[in-house]
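Order of listing sets the numbers, starting from 1, for every ligand and every atom in it.
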Amino acid sequence: MALSCRDLHRTFRTSSQSIQVLKGIDLNVEAGEVIAILGPSGSGKSTLLNLLAGLDKPSQGEIYWDDEAIHTKSSHELAALRLKKVGLIFQDHYLLEDLNVVDNVSLSGRLQRVVDKARVKSLLEAVGLGERTDFMPKKLSGGERQRVAVARALYAKPSIILADEPTGSLDRVNARAVYEILVDLARSENSAVVMVTHDEGLVKTVDKRFYLEDGRLLEQHPKD
Ligand SMILES: Nc1ncnc2c1ncn2[C@@H]1O[C@H](COP(=O)(O)OP(=O)(O)OP(=O)(O)O)[C@@H](O)[C@H]1O
Ligand SMILES: [Mg+2]
């Protein structure tokens with residue numbers, strides 16, 4: 001299994017109250033499988049993705065990347081493993097403004113001091129930016145920036161891609177284009193994708209859909 005979690009709970013405690021956001025989430029995602037998570041605002045979708053990415057710690061429960069437990073690792077160990085195994089995409093592209101397109105895509109390689117130039121080139125061609133390799137992010141359109149973010153997430157051939165509303169800031173046409181590029185590339189490279197979205201129209205081609213409500217995840221079957 002590329003990604004799985006067991007009985008995941010997350011409670012936030014403030015001085016005046018305790019908010020139980022996730023109340024026992026179980027999920028299994030196979031290599032190359034694409035799943036969508038839908039649910040109302042505030043239901044805990046980003047909270048769940050942050051836990052699956054190892055960016056936050058669960059109050060209770062277990063998380064595995066390629067069957068390796070991550071809930072027991074130190075943040076230092078996790079950061080190193082995340083560079084190899086997990087690609088992250090957010091609603092905001094989070095490109096580094098001082099680096100050009102090529103350097104943004106190969107960021108994880110730069111951190112490890114080895115950059116695969118042929119890999120960067122083929123990814124940029126795949127996302128339709130073969131002619132924009134030396135552009136700085138501020139000279140790109142919103143849709144182009146998000147395509148760079150997709151290429152960056154895929155660069156290290158991750159087992160898992162976690163995308164939190166990756167098309168949420170784009171218009172319908174660009175959203176569809178970015179979504180199709182992400183899903184096609186991930187499938188061709190056998191990366192699992194867990195994508196949070198509000199857009200019911202975009203998720204018709206995913207392998208499984210889940211709905212997060214009241215702290216629990218329910219699978220939605222196509223006829224529902
Ligand atoms: N660090 C935190 N401390 C306290 N409460 C938090 C924290 N992070 C999230 N929450 C609460 O957890 C709940 C779920 O938030 P989350 O961001 O996961 O929702 P979401 O489903 O991603 O919503 P949206 O669709 O609007 O992005 C919210 O009620 C939020 O206020
Ligand atoms: Mg969110």
Original post:
Is atom 19 (O) of ligand 1 in close reach of the protein, with a heavy atom under 4.0 Å away?
Top reply: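 Protein heavy atoms within 4.0 Å of atom 19 (O) of ligand 1 - there is at least one.
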
Original post:
Quick one: does atom 30 (C) of ligand 1 have a protein heavy atom under 4.0 Å from it?
Top reply: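 Not a single protein heavy atom is under 4.0 Å away.
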
Going by the atom numbers of ligand 1, which of them fall below 4.0 Å from some non-hydrogen atom of [X]?
X      : result
Thr47  : 14 (C), 15 (O), 16 (P), 18 (O)
His198 : 25 (O)
Glu165 : 25 (O), 27 (O)
Val21  : 12 (O), 13 (C), 14 (C)
Pro40  : 21 (O)

Charged N-O contact under 4.0 Å between [X] and [Y]:
X      : Y      : value
Lys208 : Glu33  : yes
Arg209 : Glu200 : yes
Glu68  : Lys84  : no
Asp164 : Lys45  : no
Asp207 : Arg187 : yes

Subject >> Any Ser43 heavy atom less than 4.0 Å to ligand 1 >> reply: yes

For [atom], what's the nearest protein heavy-atom neighbour? Residue, atom name and distance, please.
atom                    : value
atom 25 (O) of ligand 1 : Lys45 NZ, 2.7 Å
atom 9 (C) of ligand 1  : Phe12 CE1, 3.5 Å
atom 26 (O) of ligand 1 : Ser41 OG, 2.5 Å
atom 17 (O) of ligand 1 : Ser46 CB, 3.8 Å

Counting only N and O atoms by type, is there a donor-acceptor contact under 3.5 Å from the side chain of [X] to the main-chain atoms of [Y]?
X      : Y      : answer
Arg82  : Ala53  : yes
Arg145 : Leu140 : yes
Gln146 : Phe90  : yes

Original post:
Below 3.5 angstrom, do we get any N/O pair linking Gly42 and ligand 1?
Top reply: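 Yes; the residue has a nitrogen or oxygen that sits under 3.5 Å from a nitrogen or oxygen of the ligand.
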
Original post:
Mind checking whether Thr14 has an N or O less than 3.5 Å away from an N or O of ligand 1?
Top reply: no

Original post:
Between the side chains of Tyr179 and Thr205, is a donor N or O closer than 3.5 angstrom to an acceptor N or O?
Top reply: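 There is such a pair (donor and acceptor under 3.5 Å, judged by atom type) between the side chains of Tyr179 and Thr205.
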
**OP:** Run the numbers on Asn100 and Arg132 for side-chain hydrogen bond (donor to acceptor under 3.5 Å, both in side chains), then give the verdict.
**Re:** CA-CA 9 Å; Asn100 69 14; Arg132 296 280 186 279; over 6 Å; no

**OP:** Report yes or no: does Ser46 have an N/O/S atom closer than 2.8 Å to the Mg ion (ligand 2)?
**Re:** yes

